[in-house]
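Encoded as structure tokens, the structure appears first; notes follow it.
Keep in mind the model is a prediction, meaning the values are calculated, not measured. Values below: all heavy atoms of this structure, side chains included; hydrogens, waters and symmetry mates excluded.
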Amino acid sequence: MKNLLMVVIAGAYGAAAFTLFSATGIWGRWGENGWRDAALLLVTITAACALTYISMLVMAYLRRSRNPTGDPGQLEWHLMIPCRDEESVIAATVSAARTSFPLAHVWVIDDDSEDATASIVAALMEFDPRVHLISRVRPDARIGKGEALNAAYRTIGASLDAGTDRAQVIIGVLDADGYLSDNTLAHVAGPEAFGDPKVGAVQVEVWMKNRNDRRPLPNRGRLANAVGRLLVRMQDVEFRTTNSAMQLLRVAAGSVGMGGNGQFTRLSVLDELTVANGRPWGRKLCEDFELGLGVLTLGHRTHYVREAHVSQEALPYLRRLLTQRTRWAQGVLECASLLPALRRSGMVRLTGQLEIHYFMLLPWIMMVNLLVLPTLTFLAVVEGRFDFLSESSLAFAVTALLVFLILPYASWGPIYRRVTTERIGVLAGIGLGLATLVYAYLTYLYYPRAIARLVTGRNAWAKTKRNADDVVPLSAPALPVLDSLALLRREQIEDLAGELDQRNDLALEFVSGFAIMWPTRLARLNETVAAAEQRAARDAAVSLAASAAMLGADRLEAVARAVDAVVANGRFDEARRLLTRVDEVGEQTVDVLRTQVLADIRGE
């Protein structure tokens, strides 16, 4: 009944827009010209459908459905991270995954990287047996993310015991910069998700982890950073409101789609896809969306969890953002070839079929509007039809503009303010809503490019560069006192082993835990300093100093306390420079642990 009421209200909203647009005479009177009538009818229908869809998204989002938790210990978890030249982010991603989810195996697929990605992962493997590296080389490598995931699927499947129930094995996919929230596995294991044997795949919500960065472009000026901050924030608004609302609507419709980050699938379902298609993931640019359609075609349910999230890096560069979205849009368009099989399967109910088809028609609808609407407006101006305001009240026209053009988009700003944990004022929330209206029109830039690439058969793509790839490290301040301090006092670890009754296994666990957590601690410190969050940055610095003190890493402890001191005085620029020294000393400390301490503890 609630779903029906939502459809009725949304339909009435769209019908009101249709009536208004067609009755004003702004683009001409009906019956004067057949071609104009057809164009006007097309524009008003698509506008009414769009407004109906948007209003359904708002209502679906505000219904606040809940996903209870389950027991992740009842399932076996494997997280796959496809990588190509990801040395700037991979250590922190693996560290975060292993720190948050000690039960999970982490499989890094190195797709013939030309940087230090593989060696970084190999170094982490020395401390943690649940970190694995799958190395691919050309010509088999660098032929698409889907093929990299397929290779990892085969490797993981072969590593399992013969008696393993593959329906209880869950394969997660993370981007190289993806951090899962600590509650992810509990919610993904819940009764609405993999606790239901009919569910074959689950997607979690996506957040932007650098949404509070005060200087996303540290080598650029104030104006560039202001634009960069807005772009980053708008991506967070987009994923946590409109994209999340779309998935919540799909839960009701039965058409939840998979994303490339924070995607989970049963191993048994991947097996079924392999039987049906020869491999689980295809070669389309949006192999994630392709996988979701394949799961639905097989008759399995897909589900969405908003209570858990995966954080990824937002792009502060407009050109890179448009290139990324062009690739995504083209990938979705490529998936149109899968729709006949989906329809023939009869596995998705009518509401889900309608939602999927409308979503995939959106680029074409926008292209039609991009061509037809300016033409109608030009003719109306030439014929002097814009005098309709003199024939009707200005208040009515302004109200119509607010209700049917601004409100559907601007409402997402206050909604975002309501759901986010950040402190955003009322006026800032309204400003974000108005920015959402402008941000939405970026689709008119990348959808035409995506269609042009599709029509001309261009489907190659270059990997989106990480934000850190272009950043020149700040010069670290000189700290002469560090030279007098020990990088690592071995006797501290020996004393620790003695306190543990010569339990070398416990000492090894402590040392390995420190080394695995080090990238996470550094990333947390970088993130909080970049956001100028004084309390959080001090907590991160003190936590690092305390763990270093327990290990006997005097030099690392000292530089962490130096960061805490400057942050306490609000000197964040100085703190950013000190982070270069923290990184340097921390890596030296972990290197000593790996090359000198591990063998001693293991008795090698």
- Item | Side chain to side chain, W107 and H78, heavy atoms closer than 4.5 Å | yes
- Message: Can a donor-acceptor pair be found, under 3.5 Å and without considering hydrogens, that links the side chain of T99 to the backbone of A96?
- Response: no
- Item | Ring-ring centroid check F289 F359, cutoff 6.0 Å | yes
- Item | Sidechain N-carboxylate O distance under 4.0 Å for R233, E422 | yes
- Message: Under a 3.5 Å threshold, yes or no: a donor from one side chain and an acceptor from the other, between E205 and S244?
- Response: yes
- For the student: nearest non-hydrogen atoms of L174 and G262, plus distance: CD2-N, 4.2 Å
- Using modelled atom types only, decide if a donor and an acceptor are shared between the side chain of T117 and the backbone of S113 within a distance under 3.5 Å. no
- How many angstroms lie between atom CG of L315 and atom CG of L322, to the nearest 0.5 angstrom? 10.0 Å
- Message: Can you tell me which residue among K145, K209, R84 is in a salt bridge (Lys or Arg N to Asp or Glu O under 4.0 Å) with D175?
- Response: K145
- N225 side chain vs L217 backbone, donor-acceptor pair below 3.5 Å: yes
- Pairing residues for R325 by the side chain to side chain contact (heavy atoms under 4.5 Å, CB included) criterion, not counting sequence neighbours: Q235, E238, F239, L321, W328, Y439, Y446
- Item | Within 6.0 angstrom of Y409 OH, more than 12 heavy atoms from elsewhere | no
- Message: A cation-pi test, strictly: NZ or CZ of R130 under 6.0 Å from the centre of the six-membered ring of F101 and no more than 45 degrees from its axis. Yes or no?
- Response: no
- Note on the structure: Those residues at least two apart in sequence (or on a different chain) that pass side chain to side chain donor-acceptor pair (under 3.5 Å) with T184 are S181
- Taking all non-hydrogen atoms of both residues, which atom of A515 and which atom of V590 are closest, and how far apart? CB-CG1, 4.2 Å
- Is it true that the side chains of E313 and N210 contain a donor and an acceptor less than 3.5 Å apart? no
- Are a donor atom and an acceptor atom from the side chains of S255 and E355 found within less than 3.5 Å of each other? yes
- Residues in side chain to side chain donor-acceptor pair (under 3.5 Å) contact with R266, at least two apart in sequence or another chain: none
- Item | side chain to side chain contact (heavy atoms under 4.5 Å, CB included) assessment of M360 paired with L333 | CA-CA 7 Å; M360 298 188 71; L333 288 167; over 6 Å; no
- Non-hydrogen side-chain atoms of C286 and E334 separated by less than 4.5 Å: no
- Atom pair CD1 (I134) and CD1 (I156), whose distance is rounded to the nearest 0.5 Å: 6.0 Å
- Side chain proximity check, Y358 to I365, heavy atoms < 4.5 angstrom: yes
- Message: Donor-acceptor pair, distance only, cut-off 3.5 Å: does the side chain of Q203 make one with the backbone of N261?
- Response: yes
- Task: Check whether any side-chain N or O of T323 sits under 3.5 Å from a backbone N or O of R319 as a donor-acceptor pair, and report yes or no.
- Result: yes
- Item | Check: R521/S543 side-chain N/O donor and acceptor closer than 3.5 Å | yes
- Query: Would you say R240 and T420 make side-chain contact, with heavy atoms under 4.5 Å?
  - Reply: yes
- Item | R98 charged N/C atom sitting above F127 aromatic ring, 6.0 Å / 45° | no
- Message: Quick check: do V227 and L318 have side-chain heavy atoms less than 4.5 Å from each other?
- Response: no
- Residue pair E147 / R283: nearest heavy atoms and the distance that separates them: OE2-NE, 3.0 Å
- Paired with L578, the side-chain contact (heavy atoms from CB on, under 4.5 Å) test is passed by just one of V566, D583, D573, namely V566
- Query: Any side-chain heavy atom of V332 within less than 4.5 Å of one from P363?
  - Reply: no
- Show your working on ring pair (Phe, Tyr, Trp, His ring centres under 6.0 Å) between F194 and F264 and close with a plain yes or no. CA-CA 9 Å; F194 287 122; F264 295 84; 7.1 Å; no
- Rounded to the nearest 0.5 Å, how far does SG of C83 lie from CG of D115? 9.0 Å
- Are R301 and D196 close enough for a salt bridge, meaning some N to O gap below 4.0 Å? yes
- Under 3.5 Å: donor-acceptor pair, side chain of T93, backbone of A176: yes
- Query: So do V251 and Q247 actually touch side chain to side chain, heavy atoms under 4.5 Å?
  - Reply: no
- Message: Rounded at 0.5 Å granularity, tell me how far CG in L149 sits from CH2 in W281.
- Response: 5.0 Å
- Side-chain donor or acceptor of E76 paired with backbone N/O of V169 under 3.5 Å: no
- Pair H105, W77: side-chain N/O donor-acceptor within cut-off below 3.5 Å: no
- Query: Does a salt bridge link K284 with E287, judged by any charged N lying under 4.0 Å from a carboxylate O?
  - Reply: no
- Of D111, D110, D85, the residue whose pairing with R142 passes salt bridge (Lys or Arg N to Asp or Glu O under 4.0 Å): D85
- State the OG1-CG distance between T302 and L293, to the nearest 0.5 angstrom. 9.0 Å
- Message: So which atom in I424 and which in A428 form the shortest heavy-atom distance, rounded to 0.1 Å?
- Response: CG2-CB, 3.7 Å
- Task: Check the pair R577 / E574 against salt bridge (Lys or Arg N to Asp or Glu O under 4.0 Å), numbers first and verdict last.
- Result: CA-CA 5 Å; R577 291 193 296 273; E574 185 176 346; 5.0 Å; no
- Task: Dump the intermediate steps for side chain to side chain contact (heavy atoms under 4.5 Å, CB included) on H303 and V256, then the final yes or no.
- Result: CA-CA 6 Å; H303 191 61; V256 170; 5.6 Å; no
- Item | Heavy-atom pair of closest approach, residues A201 and M258 | CB-SD, 3.7 Å
- Item | Residues that L354 engages under side chain to side chain contact (heavy atoms under 4.5 Å, CB included), provided they are two or more places apart | L350
- Message: Measuring only between side-chain heavy atoms, which start at C-beta, is T69 closer than 4.5 Å to N183?
- Response: no
- Message: Are more than 12 heavy atoms, taken from residues, nucleotides or ligands other than R571, located less than 6.0 Å from that residue's CZ atom?
- Response: yes
- Query: Is it true that a side-chain atom of N67 and a backbone atom of V305 form a donor plus acceptor pair closer than 3.5 Å?
  - Reply: no
- How many angstroms lie between atom CG of L103 and atom CG of L185, to the nearest 0.5 angstrom? 8.0 Å
- Residue pairs passing the ring-ring contact (aromatic ring centres under 6.0 Å, His included) test where at least one lies in residues 199-238, sequence neighbours excluded: W207-H309
- Could you tell me whether the side chain of R63 and the main chain of A60 form a donor-acceptor pair under 3.5 Å? no
- Task: Scan T528, V567, V529, V563 and name whichever one has a side-chain contact (heavy atoms from CB on, under 4.5 Å) with R538.
- Result: V567
- Message: Closer than 3.5 angstrom, by distance alone: can the side chain of Q534 be matched with the main-chain N or O of A568 as a donor-acceptor pair?
- Response: yes
- Message: Applying ring pair (Phe, Tyr, Trp, His ring centres under 6.0 Å), can you list everything that pairs with F572, at least two apart in sequence or on another chain?
- Response: none
